[in-house]
Amino acid sequence: MYKALASSSSLLRSGLRFSSPLSRTLAPVPRSLSFSRSSSFFSSSRLRSPSSWRVACDPRSPISLRAGIRSSAAAIQRFERRMATIATENPFKDILTSLPKPGGGEYGKYYSLPALNDPRIDKLPYSIRILLESAIRNCDNFQVAKEDIEKIIDWENSAPKLVEIPFKPARVLLQDFTGVPAVVDLACMRDAMNKLGSDSNKINPLVPVDLVIDHSVQVDLARSENAVQTNMELEFQRNKERFSFLKWGSTAFRNMLVVPPGSGIVHQVNLEYLGRVVFNTDGILYPDSVVGTDSHTTMIDGLGVAGWGVGGIEAEATMLGQPMSMVLPGVVGFKLSGKLRNGVTATDLVLTVTQMLRKHGVVGKFVEFYGEGMGKLSLADRATIANMSPEYGATMGFFPVDHVTLQYLKLTGRSDETVSMIESYLRANKLFIDYNEPQKEAIYSSYLELDLADVVPCVSGPKRPHDRVPLKEMKKDWHSCLDSKVGFKGFAVPKESQEKVVKFDFHGQSAELKHGSVVIAAITSCTNTSNPSVMLGAGLVAKKACELGLEVKPWVKTSLAPGSGVVTKYLLKSGLQNYLNQQGFNIVGYGCTTCIGNSGDLDESVAAAISENDIVAAAVLSGNRNFEGRVHPLTRANYLASPPLVVAYALAGTVDIDFENEPIGIGRDGKSVFFKDIWPSTEEIAEVVQSSVLPDMFKSTYQAITAGNPMWNQLSVPATTLYSWDPKSTYIHEPPYFKNMTMMPPGPHGVKNAYCLLNFGDSITTDHISPAGSIHKDSPAAKYLMERGVDRKDFNSYGSRRGNDEIMARGTFANIRLVNKLLKGEVGPKTIHIPTGDKLYVFDAAMRYKAEGHDTVVLAGAEYGSGSSRDWAAKGPMLLGVKAVIAKSFERIHRSNLVGMGIIPLCFKPGEDADSLGLTGNERYTIDLPSNMNEIRPGQDIIVATDTGKSFTCTLSFDTEVELAYFNHGGILPFVIRNLINSQH
């Protein structure tokens with residue numbers, strides 16, 4: 001009985017008390033109670049009234065069943081027997097249907113949506129049908145109740161009400177930056193289970209977990225045929241300890257696949273190899289779905305697999321069998337028509353779509369693409385659009401499976417039988433869209449439409465992905481940025497300084513830089529390196545430039561980081577890699593590189609020329625993020641562009657150019673070479689794709705992917721299930737999350753007389769909050785490392801040290817571009833210690849507050865926590881002692897992560913913010929939360945009082961009852977541990 005109860009996320013609702021020899025711990029009322037009033041349990045005189053029962057079971061209601069249930073031991077025993085009975089079988093077992101094979105026999109059985117005979121299902125968006133199938137298949141009236149299925153079927157009416165539903169993804173996807181702390185947490189949870197006298201082997205992934213090591217390679221060496229080998233050797237030298245730890249995890253935990261370094265970028269590997277589209281597990285067929293600890297997990301949506309990014313904290317709970325609690329999303333229908341014009345790339349399309357969707361407002365929603373234009377988009381083009389869902393703010397950018405999907409599955413080496421099974425299942429279960437048949441248009445929450453012929457070549461920048469600039473307006477926009485005040489579109493360079501030319505010596509060669517000079521040109525990132533058309537297009541630009549005698553200046557740091565070994569194979573077969581090499585775009589490694597800040601150092605002469613002369617230098621990259629300080633500390637202007645445009649801007653050497661009217665350079669014949677002279681036609685690219693991208697390339701690449709490489713295979717790891725923590729390690733450290741943990745949840749906490757640690761404006765991203773990039777030589781993290789004998793050259797990046805909480809806490813809010821209003825205009829990773837007025841590093845100020853026994857809060861503007869889904873953007877503030885964040889609005893994943901770490905998210909009321917309320921950050925803040933969990937509701941109003949006498953009302957940004965329960969337990973991980981221990985009793 002307790003096993004069934006404790007596994008339910010609905011156990012969070014703190015309505016029942018369970019007693020065990022180990023503990024008395026609050027657990028929630030199972031949602032399933034509300035559907036069966038006829039059970040003997042409901043005959044209790046105290047609970048007989050149907051109307052009063054409805055109030056008690058309302059998940060939004062503060063009224064608890066605790067008193068009624070405690071009053072009768074007999075009632076509890078009847079309740080246990082009833083719950084044990086209804087947990088044994090799926091109430092939808094009658095719609096379990098056989099899927100026949102064409103030649104006889106069956107593929108397996110599936111939960112049939114058509115068998116429900118509900119006309120509302122035909123109107124549902126395809127993305128919602130996937131949620132519905134999952135709910136039906138997992139319905140046990142504990143974790144998933146029949147009422148949840150009804151909410152999803154009635155999506156058209158229930159979604160606007162922001163109802164809560166559970167979702168159990170089929171698998172979890174990790175990359176190494178976020179995967180290391182996840183495995184650290186799992187190892188630490190095993191220790192906690194052990195210390196509490198329970199079975200540590202309970203901590204094991206219950207769904208398939210795929211971890212791809214792709215975030216650690218840096219561009220230390222570029223423009224060299226030896227770059228791949230050299231960069232990998234340096235990657236292993238820096239990360240040997242982390243890699244050994246991950247290799248230990250792959251053996252210590254069941255159901256975990258680790259893809260070794262040097263294999264490719266996680267999302268391309270997911271697209272080309274890991275994505276199942278349809279699972280067949282123990283004879284049961286069901287749609288593939290995935291949550292990942294990288295926000296660009298959404299790339300898999302282009303394959304018709306429902307997937308999105310979550311925080312590492314949520315991913316860990318999913319691994320351990322907890323259903324995700326989510327608000328049933330609205331779905332924006334995005335209709336595509338026409339086809340792209342000649343010379344326009346998928347990157348131009350995605351930047352256009354991103355701008356449109358940001359303007360429309362899609363945060364927390366699904367976007368589903370449909371229309372006759374879909375047939376003109378390759379799978380790779382769809383994946384490019386799906387990839388940038390975080391940049392346009394949606395949870396998913398979903399493309400239902402159609403014939404294009406099936407063709408891609410065959411191209412990438414999936415067997416004919418597998419593809420046949422996928423098509424048969426999806427057609428049978430109304431999850432396949434056939435554009436050759438008349439279409440019934442689904443009902444959507446709102447609608448957008450784009451004629452693909454309207455898309456024009458463009459870039460985005462200089463500081464945000466959604467600030468799109470048409471190519472023909474680039475020069476004008478650049479000069480506007482130089483003139484404008486410092487901001488997302490401004491650098492405030494005085495007029496008299498805008499034409500400044502800095503001459504310097506580059507290894508004996510005369511060189512010069514100006515504002516807008518390109519110093520980094522990187523073909524990088526999951527967004528584009530999976531797309532053969534833009535990758536081969538870049539090769540064609542390089543080829544034409546070589547033939548005309550153009551050459552990239554040697555002080556431009558050029559690099560090419562393919563998303564998988566397949567890219568290398570087709571670039572070599574086409575003969576285009578040779579031309580890319582001639583332009584300096586040698587392959588540097590297989591990973592994210594420049595897009596996540598692993599761009600490596602600039603040449604010392606270039607770095608000195610920039611920093612000593614205050615040059616606004618530029619980076620052009622085929623990435624998805626260009627937030628300030630992310631790509632490289634010395635490139636203040638960062639533009640996202642297609643791979644062919646990256647090569648074009650590298651050749652031009654500047655972003656201060658009008659490609660339509662100004663020459664890129666002078667050819668070997670002495671004549672001007674223009675953009676149109678090196679730009680390939682759509683037909684040229686299609687021909688090369690057709691002849692160079694072959695199925696055998698995918699098969700041979702992925703047959704060898706888990707075999708590893710010599711450096712990986714030489715790592716030796718202990719065959720133990722508990723990890724032996726090394727107290728001297730600066731990479732892997734046992735975190736303090738479960739220190740002094742008991743079986744009794746700590747309960748809700750308010751905030752009393754807290755100081756403001758930081759006061760922010762709008763658009764503070766996880767790049768600002770979370771430790772990322774290189775470790776600055778004067779930072780608290782650097783001091784910590786040097787005290788432990790680590791040389792500066794061995795600091796490595798923050799991302800590589802995510803397994804060490806001591807370093808990550810010191811790197812929280814350590815971004816050099818941090819704008820904190822307490823510093824009155826000064827930019828940098830410091831703050832004011834209010835009681836003394838001392839200016840300190842944020843970490844040092846936080847530690848002083850903790851030593852003095854003071855809580856702290858953070859004030860912020862709109863879109864707080866936008867950007868990559870980084871769990872350390874929540875773990876770090878928690879370790880610094882931050883108890884609450886008060887903001888105008890939060891990014892979806894980050895808000896959830898704050899809750900998961902026990903931090904209170906509060907929203908100012910519409911039209912209000914810190915400035916309008918006259919808050920300076922010098923006040924002390926008291927947030928008076930009820931001490932009784934049953935008096936707290938999602939979205940309720942909370943009064944925040946200050947010591948100046950000013951008070952204001954905020955909205956408590958707990959979205960679901962489940963999140964309230966995580967808060968009650970001090971976070972999601974302590975909740976999971978208590979639940980698992982209770983399940984044994």
Side-chain angles (χ1 to χ4, degrees), residues 8-10 30-32 34-35 57-60 90-97 110-170 284-291 301 304-308 310 318 322-333 364-368 394-396 398 400-401 425-426 428-433 440 442-446 892 938 959-962:
S8 171
S9 73
S10 8
R31 270 185 286 193
S32 53
S34 59
F35 90 92
C57 280
D58 181 357
R60 304 278 177 175
N90 188 317
F92 292 92
K93 66 181 186 303
D94 292 341
I95 63 168
L96 200 58
T97 305
Y110 68 100
Y111 286 91
S112 170
L113 301 185
L116 290 173
N117 293 318
D118 195 318
R120 292 174 296 178
I121 294 174
D122 290 335
K123 297 178 182 179
L124 290 178
Y126 285 83
S127 49
I128 298 299
R129 297 181 200 186
I130 290 175
L131 299 183
L132 174 61
E133 187 284 335
S134 173
I136 289 171
R137 175 168 36 87
N138 290 295
C139 185
D140 59 359
N141 284 315
F142 282 104
Q143 293 186 332
V144 184
K146 290 178 75 172
E147 287 84 353
D148 297 315
I149 282 87
E150 172 57 26
K151 288 175 190 174
I152 301 171
I153 293 176
D154 198 37
W155 169 85
E156 186 180 358
N157 297 311
S158 55
K161 300 174 186 174
L162 302 179
V163 299
E164 170 198 355
I165 62 163
F167 177 55
K168 298 192 78 171
I284 300 295
L285 300 162
Y286 54 96
D288 186 5
S289 58
V290 60
V291 291
D301 301 339
V305 174
W308 59 85
V310 296
T318 301
Q322 299 301 309
M324 289 177 53
S325 183
M326 61 185 287
V327 173
L328 185 62
V331 183
V332 177
K365 298 175 183 175
F366 290 174
V367 176
E368 187 165 298
T395 302
M396 280 205 302
F398 188 73
V401 175
Y425 166 75
L426 294 175
N429 220 12
K430 294 189 175 182
L431 295 169
F432 185 89
I433 187 163
K440 281 185 187 175
I443 292 174
Y444 295 107
S445 308
S446 60
R892 175 184 65 86
D959 279 3
T960 65
E961 297 290 328
V962 172

Residue pair Phe366 / Leu131, side-chain heavy-atom distance below 4.5 Å:
yes
Quick check against the 3.5 Å criterion: does Ser445 have a side-chain atom that pairs as donor or acceptor with the backbone of Val331?
yes
Quick check against the 3.5 Å criterion: does Asn90 have a side-chain atom that pairs as donor or acceptor with the backbone of Ile136?
yes
Hey, could you give me the CE/NZ distance between Met324 and Lys168, rounded to the nearest 0.5 Å?
12.5 Å
Which residues share a side-chain hydrogen bond (donor to acceptor under 3.5 Å, both in side chains) with Ser158, sequence neighbours left out
none
Listed partners of Glu368 passing salt bridge (charged side-chain N to carboxylate O under 4.0 Å, His left out), at least two apart
none
Within the side chain of Ser289, is there an N or O that forms a donor-acceptor pair under 3.5 Å with the backbone of Ala170?
yes
Salt bridge (charged side-chain N to carboxylate O under 4.0 Å, His left out) pairs touching residues 114-124, sequence neighbours excluded, are Asp118-Arg120, Arg120-Glu150, Arg120-Asp154, Asp122-Lys430
Is the backbone of Tyr111 close enough, under 3.5 Å, to the side chain of Arg137 for a donor and an acceptor to pair up by distance?
no
Restricting to ring pair (Phe, Tyr, Trp, His ring centres under 6.0 Å), what partner residues turn up for Tyr286, sequence neighbours left out?
Phe279
Nearest-0.5 Å distance, CD1 of residue Ile128 to CD1 of residue Ile121:
12.5 Å
Just verifying a value: how many Å separate Leu328 CG and Ile165 CD1, rounded to the nearest 0.5 Å?
5.0 Å
Is the side chain of Asn429 donor-acceptor paired with the backbone N or O of Tyr425 at a distance under 3.5 Å, no angle test?
no
By ring pair (Phe, Tyr, Trp, His ring centres under 6.0 Å), which residues pair with Trp155, not counting sequence neighbours?
none
Determine whether Asp148 and Lys151 make a side-chain contact, defined as any pair of heavy atoms from C-beta on separated by less than 4.5 Å.
yes
Side-chain heavy atoms of Val291 within contact of Trp308, under 4.5 Å
yes
Side-chain contact test, heavy atoms from C-beta onward, threshold under 4.5 Å: evaluate it for Ile153 versus Leu132 and give yes or no.
yes
Taking only residues two or more places apart in sequence, or in another chain, which ones meet Lys93 in a salt bridge (charged side-chain N to carboxylate O under 4.0 Å, His left out)?
Glu89
